[in-house]
Structures are given as structure tokens and as C-alpha cells.
Protein chains: 2
Amino acid sequence: MPHPIDLAHLASLIGDPARAMMLSRLMEGPARTAGELSRDARVSPQTASGHLAKLLSGGLLGVEAQGRHRYYRLAGPEVARALEALGLLVPLRAAPMSTPEPLRFARTCYDHLAGTLGVALAEGMERRGLLESSEEGFALTPPGAEFVAHWGVDVEALTRGRRAFAKRCLDWSERRAHIGGALGAALAERLFAMRWLARRTEGRGVRLTVEGRTGFERELGLSWP
Amino acid sequence: MPHPIDLAHLASLIGDPARAMMLSRLMEGPARTAGELSRDARVSPQTASGHLAKLLSGGLLGVEAQGRHRYYRLAGPEVARALEALGLLVPLRAAPMSTPEPLRFARTCYDHLAGTLGVALAEGMERRGLLESSEEGFALTPPGAEFVAHWGVDVEALTRGRRAFAKRCLDWSERRAHIGGALGAALAERLFAMRWLARRTEGRGVRLTVEGRTGFERELGLSWP
DNA sequence: GCGATGTTTCGGCCCATGCCGAAGCATCCC
DNA sequence: GGGATGCTTCGGCATGGGCCGAAACATCGC
């Protein structure tokens, strides 16, 4: 058994309203900047910075500097599991913290696609040699560029932009990467335009249309029950 | 997702050294009195009482009054799971909090037998009509008294003592009851004396000997892989 | 009944910690 | 370079909450 003082220290990190709020937001998946988290928790940036430093040194968060932003994320799946187990204890006046099923299948993550579907898209393209994965992110192969072009994505324009081309965005519910960055946003935009996907009336949920189902099956060999 | 304020409140209950210590002790399984927990946590009885009231109203503990003692226990398996998940996060300088496998099979609980083996003994005796279970505890049937006597237990002496005859002791790893109280202690004492069981070199672990294995099989029809 | 033991309630002290204003770096964009 | 933006560090304030002494209440054993 862990020494109880460590357990207490760990739990006390979670046991502050502002920090709990930050952790809850980070449970959603994508990393968030210090400023966003400060607004999430309704505290000043200084205060948030202090909280984040505590969570970081306590091993609950990881951080990555990107320009003048610092992106914080949960340190790992055990952290999410522990938070979830804890969440199950709170009186059931709200839905449990685990990812709700519809969101789990497909949802937007900022402006790109996440969930089972988002991961399947990335992995399907990789399997067909359309996409390559590296440390920094994804890259389109020449056939890949052609492929997305016929979906209506202007690849050349994306590379001109200032935004990262295609980040590997860790998918929380799937624990695998989906396509973020400029390419991810463009793909999502096209898939909505082609009516392969439709936004659910509220929230971040995304629905796969009949056209989408047959399209993914035909062009990438992807299918779902 | 639960409202983060609830998550924070819950975690802050665990996030105090004294309370974390109490919870850790209660993770071991048997309920403990307020006084024991106060000593466990190295705080005064008043302070402990305050902590226990908080844990109780937070739904982490349950309590049962028995004479002038109040026995506290974890409120349920979800609580144990959450604590365990949290325990997994603390740096691994100690063994994880989950019940280690050897302890899970057989261990002493104070002076009597717990774990899979302890529960199997209780249920095996019940199935054969040797033991009866009621609200207050277990009772031996006449054949049961005869049975334990031939193991060398002086039943009559046990009833003279002041100690409860045979408490139902909730087994944490099994979530079912094993035999505590005077009878539980006497049974364990005899089983060690008969060399059916042997103590592991350190800790509360108990090993089933070859004689024990054949003995339990022969006399109670109990067997394990 | 009476004393001993176990537990809780009350009251007050005091420290740990969350909070923000001000200031200091770092980075970006023009 | 200069200004704007994002983030952190520092310092001081205030309050929440843990702690214990004292005392009340309950139960046990005589």
C-alpha cells in the first residue's frame, strides 16, 4: 500500500475546486493552454499558474511549450482512470465522467475529427500508404495528397498557412492519435461539406451519414457495425 | 461529467493525511472502531471523530454501532476501487494498494482467517449444515459443534469467554463474510497447529499446506486449482 | 448507583494554502 | 526596436480547516 501521506498529497492536489475544474476539462482529451485553463477555472492567470505548477510537480499533468503558449495535458491514462473512478463516487446527480457513447464514436476536437471515427480515419489512411506518422506529426505521401485533393482539400494552401500541418492529436477515449492541425481541420470541413458527417444538434457529437458510411467503406475500406 | 466542485470536495476528503491513513487502514478489510482509527492516524480521539464524521457524510464510510464502540468501514466496493486507482498513481516506492495475490488467497485478519480460503471455509461449513448465519453473526449447529471439536476446538470454553462467539467479518478482497470472533480465532489456531496452514515468513500471508489441501477436500469437499 | 471506557460536541488557536496586484520574462507580430 | 500577448514569480492578505483541551453523552461492568 502506498504510504498514506502520498495518497493524501495526491488527493489534495485534486481536492481544490480550481484544480478539479482544470482536470475535468483536460479529461475531455485535447491539451489546453494555461490561459484557457485559467478561464475554465475562473481564476486569475497567476493563480492558475500556481495550480498548474502543483499539478505538474505532482505528476498529474504533462506540459509542452509551443511558442508563447504552454499546453497542459493529463500525464497519462492512469491519471484519467483514477479521476474517472473518483468521479463514479460523486452522487449521480450528473452523468458519469466517462466519455458518453455517442461522443466516443465521433466528435469534434476543436475543429477536427476525434473519437473512434477520427482514429479510424487516421489509421485507415496510414494503412493505405496515404499518410505517414512521425514524431512531430503526420505527413501526406504523394498518393495521400492526391487522395485528399479529390475530396476537395487544397493541400498547397494548407502548407502556406502558419498553422501546424497535421498534428498527432491524442484521442482520449481511444488512446490513439487522430489527425489535428490544418489538415485535420480541412478534412473535417470537407467531410461535413460532402455530407458524410453531420453535426448533432448540440454539443460536439458527430453523426456518420449513410453517404459517409458507404463512402468510407468504398474509399478506405472502413466499416462499422 | 460530475460537477467539478463535487469532485474537488470528494478528493479533499481523501486529501488529508489523517483521513488518508484511516482510509488506508480500512482498505485492509475489517471494520475498525473510532478509537483504533484515531490511533492509526496519530490524532486525538476528538480530531478523529471529526474526520470520521466528514468521511461519513461524504459517503466514503459506513458505520455500525456496537455497544460503546462504533465500527467504521468503507462504504462500498466503488470506494475501494477509487482509492486503489488513486493509489496506483503514487510513485511506486511501495507496493500498489490492491490486495496482492498471495494475500488475496489466504491471510490473517487479526487472529482469524481471511481471503478466498477464509470465505470458502465459512461457506463450506454453512453448505454442510455445520454453521448457521444470522444478523449478529455465525452460530454452530450441533453437528457443527461436533465437527470443530474433532479438530480440537473447545467450543464450551469459547462460549464462556467474553468475546463475541463468531462474528461475520466482511472480507474485503472477496466481498463476502468469513468467520471472526472467538470461533474464528480458535479455528485458525487449530488449523495452524494441525499444519494445514502455515504462516508466510513475513506479513499476514498464509499458505495452504499439502495436508491442508487434502484435509479440506476430504472433510468439507473444498478444493482449489 | 458509580467509575471506567469509548465517542462525540464545542470553542478557540493557528498554520497552510488559495487568492490577487504588481512586476518580470519570453514570444510573436508589425 | 516597440508594443501586445501569454505565462510565471513574488509578496502580502485573508480564510478555511485541522488540531487539541474541556466537557457532555453513552455504554459497560461492578
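Treat the numbers as computed from the prediction; the structure is a model and nothing was measured. First the proteins, then the strands, lettered A, B, ... as listed; each starts at 1. What you see below is based on every heavy atom in this structure, not just the backbone, and it leaves out hydrogens, waters and symmetry mates.
Among the heavy atoms of the strands, none lies under 4.0 Å from B:Tyr71. Residue A:Ser38 is classed as having no contact, given no heavy-atom separation below 4.0 Å to the nucleic acid.
In this structure, B:His69 places its NE2 atom 17 Å from P of D:dA26, rounding to the nearest Å. In this structure, A:Tyr72 atom OH and D:dG6 atom C1' are separated by 11 Å, rounded to whole Å. Note: CG (A:Leu52) to P (D:dG6) measures 16 Å, nearest angstrom. When the C1' atom of C:dC20 is taken as reference, atom NE2 of A:His51 falls 11 Å away, rounded to whole Å. Regarding A:Asp16, its CG atom lies at a distance of 9 Å from the C1' atom of C:dT17, rounded to whole Å. Straight-line distance from the CG atom of B:Leu56 to the C1' atom of C:dT7: 13 Å, rounded to whole Å. Remark: P of D:dG17 and CG of B:Leu55 are 14 Å apart, rounded to the nearest angstrom. Atom CE of A:Met21 and atom P of C:dC19 are 13 Å apart (whole Å).
For C:dG18, the OP1/OP2 oxygens have a side-chain nitrogen or oxygen of A:Arg19 closer than 4.0 Å. Between A:Thr33 and D:dC7 there is a side-chain polar atom (N or O) within less than 4.0 angstrom of OP1 or OP2. Contact check, B:Lys54 against D:dG17: no side-chain N or O comes under 4.0 Å of OP1 or OP2. Look at B:Arg70 and you won't find any side-chain N or O under 4.0 angstrom from OP1 or OP2 of C:dG6.
Counting only heavy atoms from C-beta outward, the side chains of A:His51 and A:Leu37 never approach each other to under 4.5 Å. Between B:Leu83 and B:Leu60 the shortest side-chain heavy-atom distance does not fall below 4.5 Å. Contact check for A:Leu131 versus A:Thr141: no side-chain heavy atoms found under the 4.5 Å cut-off. Taking the side chain as every heavy atom from C-beta outward, B:Ser12 and A:Asp16 never approach each other to under 4.5 Å. With contacts defined as side-chain heavy-atom distances shorter than 4.5 Å, the pair B:Leu61/B:Leu23 qualifies.
A pairwise comparison of heavy atoms in B:Ala186 and B:Val153 identifies CB-CG1, 3.9 Å as the closest pair.
Seen from the ring of A:Phe192, A:Arg199 counts as a face-on cation partner, given the 6.0 Å and 45° thresholds.
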What are the atom names and distances for every N/O pair under 3.5 Å that joins the protein to nucleotides 20-25 of chain D?
| unit_1 | atom_1 | unit_2 | atom_2 | d |
| --- | --- | --- | --- | --- |
| D:dC20 | OP2 | B:Ser44 | N | 3.2 |
| D:dC20 | OP2 | B:Ser44 | OG | 3.1 |
| D:dC20 | OP2 | B:Thr47 | OG1 | 2.9 |
| D:dG21 | N7 | B:Gln46 | NE2 | 2.4 |

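Here the nucleotide nearest the side chain of B:Pro45, chosen from C:dG18, D:dC19, C:dT8, is C:dT8.
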